Amino acid sequence: MSYVSHLSCTLCHASYDLSPHLMTCPKCGEKGILEVVYDYAAMKEKINRHYFKNQPVFNMWRYAPLMSLETTDFSNTLSVGGTPHYRARSLEKIYDFKQCFLKDEGLNPTASLKDRASAVAVIKAKENNQTTIACASTGNAASSLAGNAARANLKTKIFVPKRSPSGKMAQLRAFGADIYSVDGDYKAAYQLSKAAIDHYGWYNRNAAINPHLIEGKKTVAYEIAEQMDFQPPDWVVLSVGDGCTIGGVYKGFKDLYEINLITKIPRLLGVQAEGCQPFVKAFNGKRDLEESDEDTIADTIAVGIPRNPIKGLNAVIMSHGDYLAVSDTAILKASKVLSNKEGIFAESAAAAALAGAIKARRNNIIKHDESLSIIISGNGLKDPNHLDKIIPAPTMMKNDLNALQKHLDQQKEANHE
Ligand SMILES: *Cc1c(COP(=O)(O)O)cnc(C)c1O
Ligand SMILES: [Zn+2]
């Protein structure tokens with residue numbers, strides 16, 4: 001059963017009944033992003049610690065009753081969620097964090113947090129009897145949609161910008177998506193996808209527009225809370241592009257707070273790249289978002305016109321959090337430390353979150369006695385080319401023990417310098 005009460009417009013606050021075809025507020029148009037509102041009083045009666053203790057499912061469907069779904073059979077889905085939440089003792093030592101955790105979302109079926117939203121999109125399309133589902137994406141939303149849809153026998157139409165990393169494109173092709181490579185940036189791909197979705201009536205997986213996708217993304221917050229025995233950390237740190245993920249993380253903690261499973265909502269730290277920081281500028285200047293350049297190696301968060309400005313800003317404002325930007329150099333450095341010291345290979349957009357946490361600790365935004373959880377949102381194998389900038393490739397040698405000895409001597413020398 002579902003505890004959904006209604007849909008509410010984030011702009012004009014009009015209420016609507018849950019309806020399969022309603023995506024945005026009819027009065028406000030595309031900017032009128034809808035939010036799923038729950039009957040917390042009813043939810044509270046059933047969803048408690050006891051419920052979770054007796055819940056045998058260990059992927060995101062563990063939380064299905066807290067989402068806006070009618071489906072109860074998830075046998076045709078990939079196993080999304082249930083990712084590890086590691087204590088990061090090396091990072092604690094290096095950066096003077098009191099207690100630091102890493103939520104490794106790169107271990108999802110298509111290797112990013114986007115699977116949580118795509119899994120819901122696929123179910124919603126099926127609930128609406130649609131056979132084709134479409135989106136625009138710089139990579140992860142698309143590759144994750146293609147994978148989750150393949151398992152559910154849905155067709156996918158994907159609009160990608162010119163600059164899309166090789167690993168993500170390989171996933172798209174492998175999963176059998178119809179790919180339309182648009183001559184332009186993400187903005188251009190998004191515009192064409194929207195025109196096509198309107199024209200052909202495909203199901204829309206664009207995360208900002210579709211109110212149900214945040215309901216999938218929020219499960220990462222549920223997991224962090226449950227993995228800490230419902231005593232979440234002081235801060236949760238994550239990178240921000242469109243603003244949907246951070247909106248979802250806030251929603252997840254808010255749900256748990258409203259049903260008395262946690263007593264405080266963690267402060268959210270939103271991290272952007274210096275070359276594309278519309279949220280940081282709007283937050284610091286206390287004004288609306290303005291279009292930004294998309295100049296960063298962190299392709300997934302290179303979003304010049306974020307599609308979810310209200311939820312993305314509110315998440316930080318309501319949680320008394322903060323927004324900051326990090327340089328590409330800091331992202332590469334954080335990426336190297338993360339893989340060298342914790343064994344987690346992250347894509348640049350995910351490493352940006354760690355870079356943000358480090359900067360926040362240095363600036364005393366995160367205090368020495370505060371705990372944090374960093375969401376590592378995607379896997380480094382998606383975009384291995386950046387590695388060359390931080391870690392040199394090995395030199396070739398002959399199949400000969402003497403050659404190896406020479407190499408070892410050189411290495412020793414280099415390390416002693
Ligand atoms: C999509 C994505 C983000 C940012 O999520 P938004 O909803 O666009 O703010 C961060 N990291 C990775 C790896 C992503 O795929
Ligand atoms: Zn409205």
Side-chain angles (χ1 to χ4, degrees), residues 10 35 85-88 91-92 95-103 105 113 214 217-273 277-286 289 301 306 308-326 330 334 349-377:
T10 51
E35 166 151 25
H85 191 238
Y86 298 114
R87 181 90 186 255
L91 297 184
E92 288 172 6
Y95 298 110
D96 186 32
F97 293 128
K98 179 193 156 208
Q99 202 180 46
C100 177
F101 294 87
L102 301 167
K103 181 68 172 159
E105 287 291 294
L113 185 148
I214 264 194
K217 286 187 167 183
K218 74 182 182 183
T219 57
V220 71
Y222 293 167
E223 285 183 16
I224 291 172
E226 213 189 337
Q227 284 166 316
M228 298 186 73
D229 196 25
F230 295 105
Q231 288 173 311
D234 296 306
W235 290 88
V236 172
V237 184
L238 69 158
S239 62
V240 177
D242 264 320
C244 303
T245 309
I246 199 165
V249 169
Y250 178 72
K251 179 85 175 277
F253 286 120
K254 172 142 193 303
D255 287 350
L256 297 181
Y257 181 82
E258 293 290 342
I259 62 174
N260 297 338
L261 271 170
I262 59 173
T263 54
K264 71 161 192 212
I265 294 175
R267 301 170 78 174
L268 300 186
L269 179 66
V271 182
Q272 296 209 283
Q277 46 169 315
F279 274 107
V280 181
K281 286 184 176 160
F283 181 78
N284 290 333
K286 297 191 170 43
L289 265 74
I301 51 167
N308 220 331
I310 297 180
K311 287 184 189 174
L313 276 178
N314 277 353
V316 169
I317 294 167
M318 303 299 284
S319 70
H320 308 285
D322 211 338
Y323 260 111
L324 57 74
V326 292
L354 172 58
I358 293 167
K359 184 169 175 180
R361 178 69 200 93
R362 275 196 192 126
N363 296 351
N364 218 25
I365 294 167
I366 296 175
K367 304 275 188 306
H368 70 91
D369 60 349
E370 289 182 322
S371 57
L372 70 153
S373 173
I374 305 169
I375 298 180
I376 306 301
S377 46

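Just so we're clear, the structure is a prediction, and the values are computed from it rather than from any experiment.
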Look at the side chain of S239 and the backbone N and O of A353, then say whether any donor-acceptor pair between them is shorter than 3.5 Å. no
Would a 4.5 Å heavy-atom cut-off, applied to side chains only, mark N314 and Y250 as touching? no
From the list H368, R362, R361, side-chain hydrogen bond (donor to acceptor under 3.5 Å, both in side chains) with D96 holds only for R361
Kindly give the heavy-atom pair with the smallest separation between A334 and A355, and that separation in Å. CB-N, 3.7 Å
State the SG-NZ distance between C244 and K218, to the nearest 0.5 angstrom. 14.5 Å
Intermediate values then yes/no, side chain to side chain contact (heavy atoms under 4.5 Å, CB included), L91 and L102: CA-CA 10 Å; L91 297 184; L102 301 167; 4.0 Å; yes
Nearest heavy-atom neighbours spanning S319 and A315: OG-O, 2.8 Å
Closest heavy-atom pair and its distance - A282, L289: CB-CD1, 3.5 Å
Side-chain touch L372/P266, heavy atoms, less than 4.5 angstrom: no
What's the separation between atom CZ in F101 and atom CD1 in I375, rounded to the nearest 0.5 Å? 13.5 Å
Atom pair NZ/CG of K359 and L354 - distance to nearest 0.5 Å: 13.5 Å
Quick one: do H85 and E223 satisfy side chain to side chain contact (heavy atoms under 4.5 Å, CB included)? Show the steps, please. CA-CA 9 Å; H85 191 238; E223 285 183 16; over 6 Å; no
Please report the shortest heavy-atom distance between A357 and I374, naming the atom on each side. CB-CD1, 3.8 Å
Report yes if some heavy atom in the side chain of W235 is under 4.5 Å from a heavy atom in the side chain of S373; otherwise report no. no
Any idea which heavy atoms bring L268 and V316 closest together, and the distance? O-CG2, 3.9 Å
Side chains of K103 and Q227: any donor to acceptor distance under 3.5 Å? yes
Is E35 close to K251 at the side-chain level, that is, under 4.5 Å between some pair of heavy atoms? yes
Would you say the side-chain atoms of K286 pair up with the backbone N or O of F283, donor to acceptor, closer than 3.5 Å? no
State, to 0.1 Å, how close K264 and P233 come at their nearest heavy-atom pair, and which atoms those are. CE-O, 3.8 Å
Over 12 foreign heavy atoms within 6.0 Å of OH, Y95: yes
d(I366 CD1, F97 CZ) to nearest 0.5 Å is 6.0 Å
Is a side-chain donor or acceptor of Q272 paired with a backbone partner of A325 at a separation under 3.5 angstrom? no
Check against side-chain hydrogen bond (donor to acceptor under 3.5 Å, both in side chains), K98 and S371: CA-CA 6 Å; K98 179 193 156 208; S371 57; 5.3 Å; no
Quick one: do I214 and N308 satisfy side chain to side chain contact (heavy atoms under 4.5 Å, CB included)? Show the steps, please. CA-CA 11 Å; I214 264 194; N308 220 331; 4.1 Å; yes
First locate atom OH of Y257, then atom CD1 of I262, and finally report the distance between them rounded to the nearest 0.5 Å. 9.0 Å
Rounded to the nearest 0.5 Å, the OH atom of Y323 sits from the CG atom of N284 at a distance of 11.0 Å
Scan V240, L324, L238, V236 and name whichever one has a side-chain contact (heavy atoms from CB on, under 4.5 Å) with L269. L324
So does D234 pair up with R267, basic N to acidic O under 4.0 Å? no
